[in-house]
Amino acid sequence: MPELPEVETVRRQLGPHLTGRRITRTTVSDPLWCSPAPADQVEDAVTGRRIESVDRRGKYLTFALEDEIYLVMHLRMTGNLLFVPGGHEAEPRFLRVRFVLDDAGQVLFTDQRRFGTGVVLAGHDALTDYFDARLGVEPLGPEFTVDALRALARGRRAPVKAFLLNQERVAGVGNIYADEALFRARIHPLKPVGTLRRPKLAALRDAVVESLRLGIDSKGATIDDFRNADGAYGSFQDRFLVHLRAGEPCTRCGTTIRKIRAAGRGTYFCPKCQPRPRV
DNA sequence: CGCGCAACCTGTCTGC
DNA sequence: TGCAGACAGGTTGCGC
């Protein structure tokens, strides 16, 4: 579920509810969430502080609190953030963290597989260092140019699919949007990224941006039961061109969509529109 | 340094 | 029906 468009959807929905509110109570019921930091240490660090903004970088979501305290969260595979308005009760399955706000609203972090994480960082430099250490270019930002992509790809023999999934190069693309972008750019997922010529890289850049934008427009993709912060389902899954469509006809040429394994992940593509690279 | 892969944890689905 | 095994949207650490 949560790739850049899903996290951005959550951010946009949480922002208006949270900005300016104060966190009055925090309960981390699953210590694994913030491990190795102790749960009570994280609870104490955020409780009582005002939320100045809700931000996204790659697939990370950050509550920027007063005093330059940052709560950086990652939903990983099955994490979810749900907003519950004041006066309403909610005890969802897989609840791991509960934030109560000064207007009685609540934010609930749920996570079936318990891969999701939360970490508290003190000071803006610490936040910048944290992201710089693990994230590359923001694909919807002005710096995601063809030249930037070419510099990142140069000399690399990794399959383009693996390249797109590596957050240290481009931050925010996951399995769904990698498949969709490669189809739009008509590139085989196993093509070594360093062998792509400039026009292909330009097509890939455009395809990544377009796929992510469409995902955001659809309020993300819902597979299984991902909901966005307001409890609604995203709809991008209805617009998948190849992802999860093995055995179905390609929307462009009618050829049967195939599923292979690339970069250790289930990978969907059209064998005609995305011809196998000559190794 | 670049790359592939197992591990993290839980639930669901498939095949025998 | 029961059960072992594979698989699931992500990231990290280890080995080659």
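The model shown is predicted, which means the values in this text are computed figures rather than measured ones. What's counted below: heavy atoms across the whole structure, side chains too, no hydrogens, waters or symmetry copies. Below, chain A is the first sequence line, B the second, and so on; all start at residue 1.
At whole-Å resolution of the value, CG in A:Leu165 and P in B:dG4 are 11 Å apart. Nucleotide B:dC9 holds its P atom 14 Å from the CE atom of A:Met77, rounded to whole Å. With rounding to whole Å, A:Phe109 atom CZ is found 15 Å from B:dC9 atom P. Spacing between atom OH of A:Tyr60 and atom C1' of C:dG10 amounts to 9 Å, rounded to whole angstrom units. Rounded to whole Å, the distance from CZ on A:Phe163 to P on C:dT11 is 15 Å. Separating the CD atom of A:Glu168 from the P atom of B:dG2 is a distance of 9 Å, rounded to the nearest angstrom. In this structure, A:Glu6 places its CD atom 12 Å from C1' of C:dG10, rounding to the nearest Å. A:Lys259 places its NZ atom 12 Å from the C1' atom of B:dT14, with the value rounded to the nearest Å.
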**Request:** Would you sort out whether A:Arg245 and A:Thr251 count as a side chain to side chain contact (heavy atoms under 4.5 Å, CB included), showing the intermediate values?
**Result:** CA-CA 10 Å; A:Arg245 292 194 60 235; A:Thr251 54; 3.8 Å; yes
**Message:** Is there a ring-ring contact (aromatic ring centres under 6.0 Å, His included) between A:Phe183 and A:Phe240? Walk through the geometry before answering.
**Reply:** CA-CA 10 Å; A:Phe183 172 76; A:Phe240 286 172; over 10 Å; no
**Request:** Please lay out, stage by stage, how A:Thr145 and A:Asp147 fare under the test side chain to side chain donor-acceptor pair (under 3.5 Å).
**Result:** CA-CA 5 Å; A:Thr145 61; A:Asp147 286 334; 5.3 Å; no
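The side chain of A:Arg134 sits closest to C:dT12 out of C:dT12, B:dG4, C:dG10. For A:Glu3, counting side-chain heavy atoms from C-beta on, the closest listed nucleotide (C:dG10, B:dG4, B:dG11) is C:dG10. When each of C:dG10, B:dT10, B:dG4 is scored by its nearest atom to the side-chain atoms of A:Arg265, the top-ranked nucleotide is C:dG10. Here the side chain of A:Asn175 is nearest to one of C:dG10, C:dC7, B:dG4, namely C:dG10. Proximity note for A:Arg76 (side chain, C-beta onward) versus C:dT12, C:dA8, B:dC3: the nearest is C:dT12. The A:Arg261 side chain lies nearest to C:dC7 when the options are C:dC7, B:dG4, B:dG11. Of all nucleotides listed (B:dT10, C:dG10, B:dC9), B:dT10 comes nearest to the side chain of A:Gln112. Relative to the side chain of A:Arg93, the nucleotides B:dG2, B:dG11, C:dA8 differ in distance, and B:dG11 lies closest. The side chain of A:Arg114 sits closest to B:dC9 out of B:dC9, C:dC7, B:dG4.
Residue contacts shown for A:Phe236 are absent, as no nucleic acid heavy atom lies under 4.0 Å away. A:Arg96 comes within contact range of no nucleotide atom at all, as no heavy-atom separation falls under 4.0 Å. Within 4.0 Å (heavy atoms only), A:Pro159 reaches sugar-phosphate atoms of the nucleic acid but no base atom.
Judged by the 6.0 Å and 45° rule, A:Arg134 forms a cation-pi pair with A:Tyr130.
Across the P atoms, B:dA6 and C:dG5 are found 16 Å apart, a figure rounded to whole Å. Remark: the separation of the C1' atoms in B:dT10 and C:dT1 is 23 Å, to the nearest Å. Comparing the P positions of C:dC14 and B:dC9 gives an interatomic distance of 16 Å, to the nearest angstrom.
We find that the ring of A:Phe115 and the base of B:dC9 do not stack by the test of centres under 5.5 angstrom and planes tilted less than 30°.
A donor-acceptor contact under 3.5 Å links the side chain of A:Arg113 to the base of B:dC9.
When Watson-Crick and G-U wobble pairs are counted only if both distances are under 3.5 Å, C:dG15 pairs with B:dC3.
Using a 4.0 Å cut-off, no side-chain N or O of A:Lys161 falls inside it from OP1 or OP2 of B:dG4.
Between the side chains of A:Glu248 and A:Tyr268, no donor-acceptor pair of N or O atoms lies under 3.5 Å.
Two residues, A:His74 and A:Gly264, neighbour DNA chain C, and the one matched to the more 5' nucleotide by heavy-atom proximity is A:Gly264.
Pairing each heavy atom of A:Glu3 with each of A:Gly172, the nearest pair is CB-O, 3.8 Å.
Here the side chains of A:Phe83 and A:Leu101 are in contact, with some heavy-atom distance below 4.5 Å.
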